[in-house]
Amino acid sequence: MTRPVRVRIAPSPTGDPHVGTAYIALFNLAFARQHRGKFVLRIEDTDQARSNRDSEEMIFASLRWLGLSWDEGPDVGGPFGPYRQSERTAIYQQHAKTLIESGAAYRCFCTKERLEEMRLDQQRFKRSPGYDGRCRDLPPGEVEALVAERAPFTVRLRAPKEEEVVCQDRLRGAIAFQGREIDDQILLKADGYPTYHLANVVDDHLMEITHVIRAEEWISSTPKHVLLYRAFDWPPPEFIHMPLLRNQDKSKISKRRNPCSLNYYRDAGYLPAALLNFLALQGWSMPPKEDGTEVDRFTLEEFFAHFNIDRVKTGGPVFDLKKLEAINGDHIRRKSVDEIAALLKEHAGRWFEKTAHFLHDRLDKLSDFARYTDFLFRDDLGRDPALLRPYAGDRQETAKRLKTLTEEFEQVVPWKPATITDLLARFVARHGLDRKEFFMLLRVAVTGSTVSPPLDESIAALDRFVVLERLRAAAKTIREMKPAP
RNA sequence: GACCCCAUCGUCUAGUCAGGACCAGGACAUCGGGUUUUCAUCCCGGUAACAGGGGUUCAAAUCCCCUUGGGGUCACCA
């Protein structure tokens, strides 16, 4: 008897809800539907420093917005809970202990500092990185003594160095790794929280996950997972690694080169059906009909009806916003006028709520909102180049400053007015810039006008990627300006 | 750098597993034309790809090998 199909997504609640999460969720859900199985949402919040509840809420909200609903999860419960890893630490600790007892794992007393030093050495001598095994074979007596004196420790996987570990991937077949290349990964951190590797394997087993459909970036850690299943004597799930969504230059999709936040797509007015349709086309296509015609515009239900995981292509698809936009347009045109009116109302309403606090003082009549917010909706700013004045008249220097600032904007977390204000203040202070002049330059670069809501609010209201693009465009314009006569 | 994954138009892809009717089909983008008072929609048409080299075979986009190219991973992050 085969076990009922159970799949899961395991997003980490850090930052904005990611388009890649929706992509993987979509394929997991489709697979579950096809097999009349269950789709589980598990929150992987074992990184104390980075995880936060806001982010978790946004994951729920955006997946709901898309209509990708889960059968079990932290919010809806289920028979395999809790579904938040931070609430399962005792389970992981217990399993880590089992591994230590069986010898599949060991306690490591190395400090972060020593590990850092080791890494530097490895770099210096061009040795391949990885734990050097100092604590791997500590005499039992020494370990006991260290434990007795409460020395902090981590738990590491004891990877067999001679063996070959073969992972089976549904789409790629067997993938072999030499034991020598598998690092003695940390399984349990010094703070008592598990790393992804342990938590993921323990939970997938306990939650009876049958198929692990996740992104390709996980392939190289799969042997560690396989080793863990082996150590616990558990049957591994079937692994299905989806291709990675790509930037235009084929690198893994990133918020610097693409809008990645699902909030962006919602706020920009993409329809869930269209986003999903587009995502479904990344690496997958509907089987051609009998007469050979191909259908590439379809609803979620149609996708589910024709879904087959084995049609997934392994090549990495470049995320093409233009195509998404075209598909979105098609989905909009399929709606009735009344439906569009309702959608428009909802969409505009969201923006009004988002911007009312800074519109409040600026409006003499409600329709004035348009002149203060048009920069939020235009793809092309139609900026009057004459408005863009190089700082202190120095074109090259200004372009360079804008570039530096752009790089700093890439790092801002969270993307909020307060953090942006903070960055801006430090930036002008550090470079000794005139606030008035520099901020006006930025205002024009980002909003296309010398009149706009407060800079930090304006910037925060836009998606990070859009701001970066506008800044890059402004720098380019300035760099290429004719020198003043 | 080491290991692993991948490879059809600029982009998403069909075709590849079961080699032949494929001088490679569709979509997006782009170019040209038509409908339309504008714009958009809609319609018609064009440009555009099997990475390279070796094999196997009567026959290769399809099977095998090598090369090249691209990507991912190498954290007390996931």
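Lettering follows sequence order; numbering is per chain, from 1.
Using a 4.0 Å heavy-atom cutoff across all strands shown, Arg311(A) reaches sugar-phosphate atoms only and no base atom. In this structure, Thr314(A) reaches the sugar-phosphate backbone alone: every heavy-atom distance under 4.0 Å involves primed, P, OP1 or OP2 atoms, never a base. At the heavy-atom level, Ile327(A) lies nowhere under 4.0 Å from the strands shown. Residue contacts for Gly316(A): at a heavy-atom cut-off of 4.0 Å it reaches the sugar-phosphate backbone alone, with no base atom in range.
For the segment residues 177-196 of chain A, the set of residues with a heavy atom within less than 4.0 Å of an atom of RNA chain B comprises Phe177(A), Glu181(A), Ile186(A), Lys189(A), Ala190(A), Pro194(A), Thr195(A), Tyr196(A), in numerical order. Within a heavy-atom distance below 4.0 Å of RNA chain B, the residues of residues 47-75 of chain A found are Asp47(A), Arg50(A).
Counting non-hydrogen atoms of other residues, nucleotides and ligands closer than 6.0 Å to CZ of Arg257(A) gives a total of 12 or fewer. By the 6.0 Å contact criterion, CD on Gln168(A) is enclosed, its count of non-hydrogen atoms from other residues, nucleotides or ligands being greater than 12.
Under the Watson-Crick or G-U wobble criterion, with both distances below 3.5 Å, A18(B) is left unpaired in every strand shown. Across the strands present, U37(B) finds no partner; the criterion is a Watson-Crick or G-U wobble pair with both atom distances under 3.5 angstrom. Applying the Watson-Crick and G-U wobble criteria (two distances, each under 3.5 Å), A7(B) pairs with U68(B).
When the C1' atom is used for both C42(B) and C6(B), the distance is 39 Å, rounded to whole Å. Taking the P atoms as reference points, U13(B) lies 15 Å from A51(B), given to the whole Å. Comparing the P positions of C44(B) and U56(B) gives an interatomic distance of 47 Å, to the nearest angstrom. Comparing the C1' positions of C23(B) and U8(B) gives a spacing of 15 Å, expressed to the nearest Å.
Taking the six-membered ring where the residue is Trp, Trp234(A) and His205(A) present parallel rings, their angle staying beneath 30° rather than reaching 60°.
Checking Leu281(A) against Asp330(A), the closest nucleotide of RNA chain B that is more toward the 5' end is the one next to Leu281(A). Both Lys313(A) and Ala176(A) lie close to RNA chain B; mapped to their nearest nucleotides by heavy-atom distance, the more 5′-ward contact belongs to Ala176(A).
In this structure, Arg156(A) is positioned above the aromatic face of Tyr131(A), its NZ or CZ under 6.0 Å from the six-membered ring centre and within 45° of the axis.
Between Phe27(A) and Phe307(A), the distance separating the two ring centers is shorter than 6.0 angstrom.
In the 5' to 3' direction, nucleotides of RNA chain B lying under 4.0 Å from heavy atoms of chain A begin and end at G1(B) to A78(B).
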